[in-house]
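I have placed the structure first, in the form of structure tokens, so that the comments after it can refer back to it.
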Amino acid sequence: MKLAISMNKIFSFIFCIFFLLFGSITVQAEELVGYRGEVLYFTGNPAKVDHAYQYFPNGVLYVQNGKVVESGDYEVLKSQYANARLIDYSGHLIIPGFIDTHVHYPQSEMMAAYGDQLLDWLNNYTFPTERKFSDPVEANRVAKLFLDQLVNNGTTTALVFSTVSPVSVDAFFEESQKRNLRMISGKVLMDRNAPDFLKDTPQTSYLESKALIEKWHNKGRLSYAVTPRFAPTSSPEQLALAGKLVGEFPGVYVHTHVAENKAEVAWVKELYPDSRSYLDVYDHFGLVTDHSVFAHGIYLNDQDMQVMSKKGASIAFCPTSNLFLGSGLFNLAKANEYNVKVGLGTDIGAGTSLSILETMNEAYKVTQMRKAFVEDPSTVKPLDPMQSLYLATLGGAKALSLDDRIGGFTPGKEADFIVLGSTSIPLLNARVKNAKNIADKVFAFEMLGDDRAVEHVYIMGVQAK
Ligand code: GUN
Ligand code: ZN
């Protein structure tokens, strides 16, 4: 009898703990919460329109059920949402989560590989590293590390290379799903000019990609990208089958590299002598679509820009990678001139940081360096701080055709947002105190900030940092 009572007590104790843990999570998501702070987000591209952003110094962002309810000036909105629980981030910036439009999760542990430019770097460092990702334990370990660090840096959505092994894709999507992150990835296609241990064939690449699309595409917040590594590692047969997949599954992405390095561009000319240009190789096989994202695009010509603009394809500008591999200086002004969508990419392991703040820092320096290489330097403007933040948020969302869901704070958007603060970086803190206006403050964060400036991260309204 005594034993029965104490067992009952134990069960009700366990039930209470369970309810407190999981019951409270549900309540938290359904509850209306107002986050007070300096609210800033974009509604257009500052390179194109005059009133491109909304800024509320005494702002509030109301969130419920993982979505934005409304954002604006606190004094204006507070009576309408008098029942909201308030969280006070006054004096801190509340902005949409960063978007990384090109990154390789399997290269997380091979950053800072010394000495080579693109083609040697691939052979000497990248391919041996990617070999390990047919092992599910290894793939899962690195996927966890990558996603933890991505979120730690305030990035809430990314377009991500896995490896040629479907195991690597499953590991990535499984971990993304656990964290409720909006992520896009896919199996790499490569059937030539690579070591045997990383090669697939046109047929296996088609069948494996098809099975992965059926398993993962549009499953919750996940989407699939058909991912030929780059033209040199795919035969025409493989690219034709990649195009067939894109035709069969409307809405899947295409994710690849283009015109990154001069030696690579020359090699593509040898491999595909009948193509007008490197981009034209992809276009010939139906791979330039409004869901295509091309990393780098440093050596695209005007006709290529026209084609990209017409088809609605995007470029991932990856400044830390382009400087680290000595690839070249991306011409952002030209992409803007042709209305080509651009997002920022960290491109690790060729990139040297997962931080989008540090990526904006290097992007600025790329535009500064371009002045040294054009005939008339007065025509080149350094990257505007607000344009840069646009690329990292709404611009990235547009580049991924996700701007109806993420990248801003209009009602109904998914509540992926971050809180930036300067207190953990003394020199940034001092600089922010001297900021002349919001653009100057943003510039200080871009030049001096890193993951320490990302104080909090929310994924669909649930705190992840
Ligand atoms: N081109 C083909 N593969 C790669 C890669 O892994 N990284 C970069 N930066 N460029 C590539
Ligand atoms: Zn890359």
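Source: prediction; values computed, not measured. Note that ligands are numbered from 1 as they come in the structure, with each ligand's atoms numbered from 1 the same way.
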Contacting atoms of ligand 1, where contact means under 4.0 angstrom from a heavy atom of Glu260: 1 (N), 8 (C), 9 (N), 10 (N), 11 (C)
Atoms of the protein (N/O/S only) found under 2.8 Å from the Zn ion (ligand 2): His102 NE2, His104 NE2, His257 NE2, Asp347 OD1
For His104, atoms of ligand 1 separated by under 4.0 Å from a heavy atom: 5 (C), 6 (O), 7 (N)
Rounded distance [0.5 Å steps], OG1 in Thr233 versus CZ in Arg192: 8.5 Å
Test: Glu174 and Lys178 ion pair at under 4.0 Å: no
Option from Thr346, Asn153, Thr155 for which side chain to side chain donor-acceptor pair (under 3.5 Å) with Asp100 holds: Thr346
Lys210/Glu248 salt bridge by N-O under 4.0 Å criterion: no
Ligand 1 contacted by His296 (non-hydrogen, < 4.0 Å): yes
Salt bridge present between Lys398 and Asp403 (N-O < 4.0 angstrom): yes
Shortest reach to atom 3 (N) of ligand 1 by a heavy atom, considering only His102, Arg229, Met190: Arg229
From Ile438, Ile418, Val419, residue fulfilling side chain to side chain contact (heavy atoms under 4.5 Å, CB included) relative to Leu93: Ile438
Atom indices of ligand 1, in the order listed, that fall short of 4.0 Å to a heavy atom of Asp347: 8 (C), 9 (N)
Heavy-atom closest pair, residues Thr201 and Asp191: CA-CB, 4.1 Å
Close approach, Trp121 and ligand 1, non-hydrogen under 4.0 angstrom: yes
Ala350: numbered ligand 1 atoms lying under 4.0 Å from its heavy atoms: 9 (N)
Pair Glu414 + Arg405, salt bridge at N-O below 4.0 Å: no
Within-cut-off N or O pair, Glu130 and ligand 1, under 3.5 Å: no
Pairwise distance CD1(Ile315) to CG(Leu391) - rounded to 0.5 angstrom: 11.5 Å
